[in-house]
Amino acid sequence: MLAARGLRRLAAAICLARRSSSAVAALPAAGAARFHDYDAAVTECIERRALRVGRPVHARMVAAGYRPALYLATRLVIMYARCGALGDARNVLDGMPKRNVVSWTAMISGYSQNERPAEALELFITMLRAGSALLDMYAKSENVQEARRVFDMLPARDVVSYTAIISGYTHLGLDEEALGLFRQLYNEGMQMQCNQVTFTTLLNALSGLASLDYGKQVHGLILRKELPFFMALQNSLIDMYSKCGKLLYSRRVFDNMPERSVVSWNAILMGYGRHGLAREVAQLFRSMPEEVNPDSVTLLAVLSGYSHGGLVDEGLDMFDLIVKEQSTLLNIEHYGCVIDLLGRSGRLQKALNLIQKMPFEPTRAIWGSLLGACRVHVNIPVGELVARKLLDIEPENAGNYVILSNIYAAAGMWKDVFRVRKLMLKNTVIKEPGRSWMILDKVIHTFHSSERFHPRKEDINAKIKEIYIDIKAAGFIPDLSCVLHDVDDEQKERMLLGHSEKLAITFGLMSTPSGLPIQVMKNLRICVDCHNFAKVVSKVYGREISLRDRNRFHLITEGACTCGDYW
DNA sequence: CTAGGGTTAG
């Protein structure tokens, strides 16, 4: 079945490549053509993403001495940007005698779409500077919030440039700022111009925030507008609800769609996988209709769904089948997923073999997951080999040293523990700080690890001490191996209590009526100690705790988690 | 006059 689908895809691709280039062919061989001829030729290159045709078209314009004005030059920027030739796009933009919001937007989104958010932001700030000399003082700061203030004051703003910049913020992970920009757009009376694309972009920011309240509100807005069916919007709704913990809402949106693309299927499969529901992932995947071709994301969704749900053998069988029938769809992510699966089920040597024979360079993430598996299964030889690779690639990451020293500690090799700890102190730098947040009455409350500046710091500290006494009485044992620093045990216990997700859960306990569920989001993966903490808290205080980390959901009730302690 | 913003995964 998979093979047949692959053939059909190939046939479609060949068809596309053979399509004749009529507008380009219609250009005169030498001398200047007219505006409309160039426009048609460039448009065709944009639609076909055909750089090999687009470049000669541009070259002919130059050779003929034709100087494209604002509109056509902008189309050239788009053509190059869509083809990924960002340097050429930028050259055209820089060479334009006049630019406007459209030409800037084209280039900014070019960077954004080619995964260069830093350049996108840099150019955005440049645009603001060019936009108004008066506002230059604000724009000089490379600070996003300042940039946003300037954007708010810019004279030439419309719903499209708003959407572009909201999308830019979301790509940078600045979802709160993105939401703020949408509010501005609304307050400026542009709500009537909001269309499917605007809402699609906005929903992405809400997915990042995991803000169910806002998500539902925006969904309501969309329904009231009675917009025509728009695939990307529905797909974003599926994704938003699943990332906000409401898988059944995702499913309802999915079931009600008049048609579904492969992205819709991917979004719902990812949703079930994220919630650890591997059986449902398998069932859905089997029910995919013939005419929807699974792509590499589909296969990744299924593999990672199996992996998250602990369906080890099914995952391995699936991978074998893909290797046999659809190996062209495989990328490094798929291998990473399967290596993780092998590692976690204790097949460390097999995992290592796969790394050695896969057609990709192993990434730090792959080595990292294998090192974690070596800790769980206490495997010294593989652990040392993997650690050597990893310390070579990223000597600054403290986590790797900690895991290696944990492996030695588990095997009672204390001299090696000490050696690794010393090495760590010498080489490491601060990692990405942990951050958790929760939303209460539409207010986003953010907590950082070992929070020092939170306005309710004192209350939270007092409450967490109280909780600690209660849960220790109920059998909670702190897992000191989660601490990245070489300090004494008492200090380790204090540091563990400072983890941002514990602060957020504590804040949730003290600010919501008893018995109500608590939902917390985290930017990194949750640590074992915090997972235990949440489990015991759920039992002692009779609360359902939903914890969304970077990868997945943990729904914790009565002292047990839907992940089955496997994540 | 025309154009620019959008969906899953990483």
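As a basis for the values below, the full set of heavy atoms in this structure was taken, side chains included, without hydrogen atoms, waters or symmetry mates.
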Heavy-atom neighbours of A:Q356 CD exceed 12 at 6.0 Å: yes
Neighbour count >12 (heavy atoms, 6.0 Å) for atom CG, A:L248: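 Check fails, neighbour count at 12 or below.
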Contact summary for A:L86 and A:M107, nearest pair of heavy atoms: O-CE, 3.7 Å
Is [X] close enough to [N] that one of its side-chain N or O atoms is under 4.0 Å from OP1 or OP2 there?
X	N	answer
A:N195	B:dG5	no
A:R550	B:dA9	no
A:K243	B:dA9	yes

Distance in angstrom units between A:I166 CD1 and B:dT7 C1', rounded: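 Taking atom C1' of B:dT7 as the reference, CD1 of A:I166 is at 16 Å.
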Check: A:N100 side chain, B:dG4 base, donor-acceptor under 3.5 Å: no
Polar side-chain contact A:S103-B:dG4 base: donor and acceptor under 3.5 Å: no
Sugar-phosphate, base or nothing in reach of A:T74, heavy atoms under 4.0 Å: base
Sugar-phosphate, base or nothing in reach of A:F254, heavy atoms under 4.0 Å: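 Counting heavy atoms under 4.0 Å across all strands, no contact is made by A:F254.
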Salt-bridge criterion met for A:R279 and A:E314 (N-O under 4.0 Å): yes
All ring pair (Phe, Tyr, Trp, His ring centres under 6.0 Å) counterparts of A:Y335, not counting sequence neighbours: A:F319, A:F360
Interface residues of residues 255-282 of chain A with DNA chain B (non-hydrogen, below 4.0 angstrom):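 Output list: A:V263, A:N266, A:M270, A:R274.
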Set of residues satisfying side-chain contact (heavy atoms from CB on, under 4.5 Å) with respect to A:I403, sequence neighbours excluded: A:L371, A:R375, A:I407
